[in-house]
Amino acid sequence: MGTYNMIEQAGWLRTVSAGVALMTLAACAKEAPPAPPPPGVSVALPLQREINDWDEYVGRFEALQDAEIRPRVSGTIDRVLFTDGQYVRSGQPLFVIDPRPYRAALLQAQATQAKAQATLVNARSESARAGKLLEAQAISREEFEQKQAAVGTASADLAAGRAGVNTAQLNLSFTTVRAPVAGRVSNRRVSKGNFATEGTTVLTRVVSTDPIWFAFEGAESFYLKYLRQDRTGERGSSRGTANPVEVKLADEPTYRWRGKMDFLDNAIDQNSGTIRAHALIPNPQGFLTPGMFGRARLLGSGTYRAMLVPDEAITTDQTRKLVYVVGKDNKAAPRPVETGPLVDGLRVIKSGVKPNERVIIAGITNLQPGAVVTPKLTKIAARPGAVSPSAQPDSAPPSSEATVR
């Protein structure tokens, strides 16, 4: 019996020990895990710069002078003096119309003038003799007045003869068709031997190339913005101010062609709601060609001070743009901001953030307002050439670009 009791007691102790162990493990499992450390974020003070906004437009180049060449006299084309497509100077001969009929007409007009000159000399001589005879009462006054009238008639005939000579000289000079402006000539529309009719036959076309216009149309909203800026003195209207314009071609990454505003129309098109304008662009090498496509940016504001942050620091809350700033208590607080265009790869912040506030520029994913963070201070660096989507504020037309002054 003693041995059996001892064995039974040992089994009971093992059972109790196992139960105590299980209770201990269960108590430990109910204890809360330690809190994770605050998330780490990178913060930086916004860059401060003097900024100019630029508004982008699409347009085409146009010639200042676009002349369709037609003959001023009729005749047969005798010579063609240019190569199709070449650059011509103002006044350079392009065509020669057979001058022989007009040279003959000039000789005839000169002969008529000479005859009128001789008639006038004779009429004056007879009038002088008639005056002396009248004094001697050898002729009547009526005869004397007839001699005087003959002088007047001869003078008029001489004037007509001179006008005829001038007309014949002009017509003879018109047989050489010259370029009215310097520029690029098109192809010939007639050949040697063709008959050209005065004022009707198109011979060719010449367009000027230097300088050249960049023509575009602007929306009414931009026009209103410029008017208000002119009223406040922030930016002069292009009607009276040669605002700078920069243009890039379809295959160019940068705005390399520079000019100034030259024209702004006097009315807004009722159908399109746009207003026509053009800028004057120097083109000394003739590279820019009328009809060529381009993108232009026009100075869209005066100089203002703004702050710059990376685009990735900006989040969207429905209709608002937000950035997170870290206060002295290391808590992240959202700030609604008004954004502007890109400059040096960074987004312009026009309002909503102070220059001395720490903006979260990395680690913003899943960040909750009021969350405690571990900030690491860094610096924002400009990123020329970086591309990010432009901000689209609803209250005013957005500027496409900006530059640091």
| Where Pro282 and Pro284 come nearest, the two heavy atoms and their spacing | C-CD, 3.6 Å
| Any side-chain heavy atom of Ile380 sitting closer than 4.5 Å to one from Pro310? | yes
| Donor-acceptor pair, side chain of Asp157 and main chain of Ala116, under 3.5 angstrom | no
| query | side chain to side chain donor-acceptor pair (under 3.5 Å) between Ser238 and Asn243: does it pass, once the steps are laid out? | reply | CA-CA 6 Å; Ser238 293; Asn243 288 313; 3.0 Å; yes
| request: Please confirm whether the backbone N or O of Asp265 pairs with a side-chain atom of Arg239, one donor and one acceptor, at under 3.5 Å? | output: yes
| So with a 6.0 Å cut-off around CD of Gln86, is the heavy-atom count from everything else above 12? | yes
| task | Kindly indicate whether the side chain of Pro46, heavy atoms from C-beta on, has any atom under 4.5 Å from the side chain of Val353. | result | yes
| query | Are Asp53 and Lys350 within salt-bridge range, i.e. N to O under 4.0 Å? | reply | yes
| request: Would you confirm whether Asp230, through its side chain, and Ser237, through its main-chain N or O, come within 3.5 Å as a donor-acceptor pair? | output: yes
| query | Parallel, tilted or perpendicular: which fits the ring planes of Phe82 and Phe95, with parallel below 30° and perpendicular above 60°? | reply | perpendicular
| query | Got a donor-acceptor contact below 3.5 angstrom from the Asn330 side chain to the Val372 backbone? | reply | no
| request: Taking all heavy atoms of Tyr87 and all of Ala182, pick out the closest pair and write down the distance. | output: OH-CB, 3.7 Å
| said: For Glu68, is there an ion pair with Arg205 - N to carboxylate O distance below 4.0 angstrom? | reply: no
| request: Please check if atom CD in Gln48 has more than 12 non-hydrogen atoms from other residues, nucleotides or ligands closer than 6.0 Å. | output: yes
| task | For the residue pair Thr303 and Asn52, confirm or rule out a side-chain donor-acceptor distance under 3.5 Å. | result | yes
| message | Let's go through Ile97 and Ile77 carefully: what are the C-alpha distance in whole Å and the side-chain angles of both, what is the deciding distance for side-chain contact (heavy atoms from CB on, under 4.5 Å) to 0.1 Å, and is it a yes or a no? | response | CA-CA 5 Å; Ile97 296 172; Ile77 301 297; 4.0 Å; yes
| task | Check whether any side-chain heavy atom of Gln108 lies under 4.5 Å from a side-chain heavy atom of Arg103, and answer yes or no. | result | no
| request: Could you verify whether a donor N or O on one side chain and an acceptor N or O on the other, from Glu56 and Tyr255, lie under 3.5 Å apart? | output: yes
| field | Val73 side chain reached by Asn171 side chain, heavy atoms, under 4.5 Å | value | yes
| field | Non-hydrogen atoms of Phe293 and Arg60 that approach each other most closely | value | CB-NH1, 3.4 Å
| request: Look only at the side chain of Thr175 and the backbone of Pro99, and say whether a donor-acceptor pair between them is shorter than 3.5 Å. | output: no
| So do Glu338 and Ile349 actually touch side chain to side chain, heavy atoms under 4.5 Å? | no
| query | If you round to the nearest 0.5 Å, how far is CH2 of Trp54 from CZ of Arg297? | reply | 5.5 Å
| task | Kindly give the heavy-atom pair with the smallest separation between Pro180 and Ser90, and that separation in Å. | result | O-OG, 3.5 Å
| Just by modelled atom types, is the Val121 backbone N or O under 3.5 Å from a matching donor or acceptor in the Ser125 side chain? | no
Atom pairs and distances, donor-acceptor, side-chain atoms in residues 191-203, under 3.5 Å, two or more places apart:
{"residue": "Asn194", "atom": "OD1", "partner": "Ser191", "partner atom": "N", "Å": "2.6"}
{"residue": "Thr201", "atom": "OG1", "partner": "Thr197", "partner atom": "N", "Å": "2.9"}

| Heavy-atom donor-acceptor pair, Glu252 side chain to Leu249 backbone, under 3.5 Å | yes
| task | Output, in order, the C-alpha distance, side-chain angles, deciding distance and verdict of side-chain contact (heavy atoms from CB on, under 4.5 Å) for Leu298 and Tyr226. | result | CA-CA 11 Å; Leu298 167 64; Tyr226 299 150; 3.9 Å; yes
| said: Is any side-chain heavy atom of Arg235 closer than 4.5 Å to one of Ser301? | reply: no
| query | So, does Ser186 use its side chain to make a donor-acceptor pair with the main chain of Thr204 at under 3.5 Å? | reply | no
| CD of Gln148 to CZ of Arg141: how many Å apart, nearest 0.5 Å? | 8.0 Å
| message | Which residue is it: Phe263, Phe61, Trp257? I am looking for the one with a ring pair (Phe, Tyr, Trp, His ring centres under 6.0 Å) to Phe214. | response | Phe61
| remark: One should read off an interatomic distance between Leu322 CG and Thr315 OG1, to the nearest 0.5 angstrom, of 4.5 Å
| request: Would you sort out whether Asn266 and Arg276 count as a side-chain contact (heavy atoms from CB on, under 4.5 Å), showing the intermediate values? | output: CA-CA 9 Å; Asn266 58 0; Arg276 295 188 308 116; over 6 Å; no
| query | Okay, side chain of Asp55, backbone of Phe222: is any donor-acceptor separation there less than 3.5 Å? | reply | no
| query | Any ion pair linking Lys147 and Glu143 (charged N to carboxylate O, less than 4.0 Å)? | reply | no
| Between Ala123 and Ala154, what is the shortest heavy-atom contact and its length? | CB-CB, 4.2 Å
| Which atom pair, heavy atoms only, marks the closest approach of Pro375 to Val43? | CB-CG2, 3.9 Å
Mind listing the side-chain donor-acceptor pairs of residues 354-362 below 3.5 Å, one per line with the distance, residues two or more places apart or on another chain?
{"residue": "Glu357", "atom": "OE1", "partner": "Arg335", "partner atom": "NH1", "Å": "2.8"}
{"residue": "Glu357", "atom": "OE1", "partner": "Lys354", "partner atom": "N", "Å": "3.0"}
{"residue": "Glu357", "atom": "OE2", "partner": "Arg335", "partner atom": "NH1", "Å": "2.6"}
{"residue": "Glu357", "atom": "OE2", "partner": "Arg335", "partner atom": "NH2", "Å": "2.9"}
{"residue": "Arg358", "atom": "NH2", "partner": "Gly327", "partner atom": "O", "Å": "2.7"}

| remark: Between the CD1 atom in Ile281 and the CG atom in Leu288, the distance rounded to the nearest 0.5 Å is 8.0 Å
| said: How long is the straight-line distance from CG of Leu64 back to OG of Ser208, given to the nearest 0.5 Å? | reply: 5.0 Å
| Arg228 and Thr232: CA distance, side-chain angles, deciding distance, side chain to side chain donor-acceptor pair (under 3.5 Å) verdict | CA-CA 6 Å; Arg228 301 190 191 284; Thr232 60; over 6 Å; no
| field | Sub-4.5 Å side-chain heavy-atom contact between Pro290 and Glu62 | value | no
| said: In the structure I gave you, are the side-chain heavy atoms of Ile364 and Val41 within less than 4.5 Å of one another anywhere? | reply: no
| field | Value rounded to 0.5 Å, distance of CG in Leu308 from CG in Leu346 | value | 5.5 Å
| message | Could you tell me if Thr274 and Glu217 have a donor-acceptor pair between their side chains, going purely by distance under 3.5 Å? | response | yes
| said: Show, in sequence, the C-alpha distance, side-chain angles and deciding distance for Val373 and Val326, and conclude whether the side-chain contact (heavy atoms from CB on, under 4.5 Å) test is met. | reply: CA-CA 8 Å; Val373 297; Val326 177; 3.9 Å; yes
| query | Are any of the side-chain nitrogens in Glu246 or Lys248 under 4.0 Å away from the carboxylate oxygens of its partner? | reply | no
| task | Check whether any side-chain N or O of Arg320 sits under 3.5 Å from a backbone N or O of Val337 as a donor-acceptor pair, and report yes or no. | result | no
| request: Inspect the surroundings of CZ in Arg124 and state if more than 12 heavy atoms from other residues, nucleotides or ligands are less than 6.0 Å away. | output: no
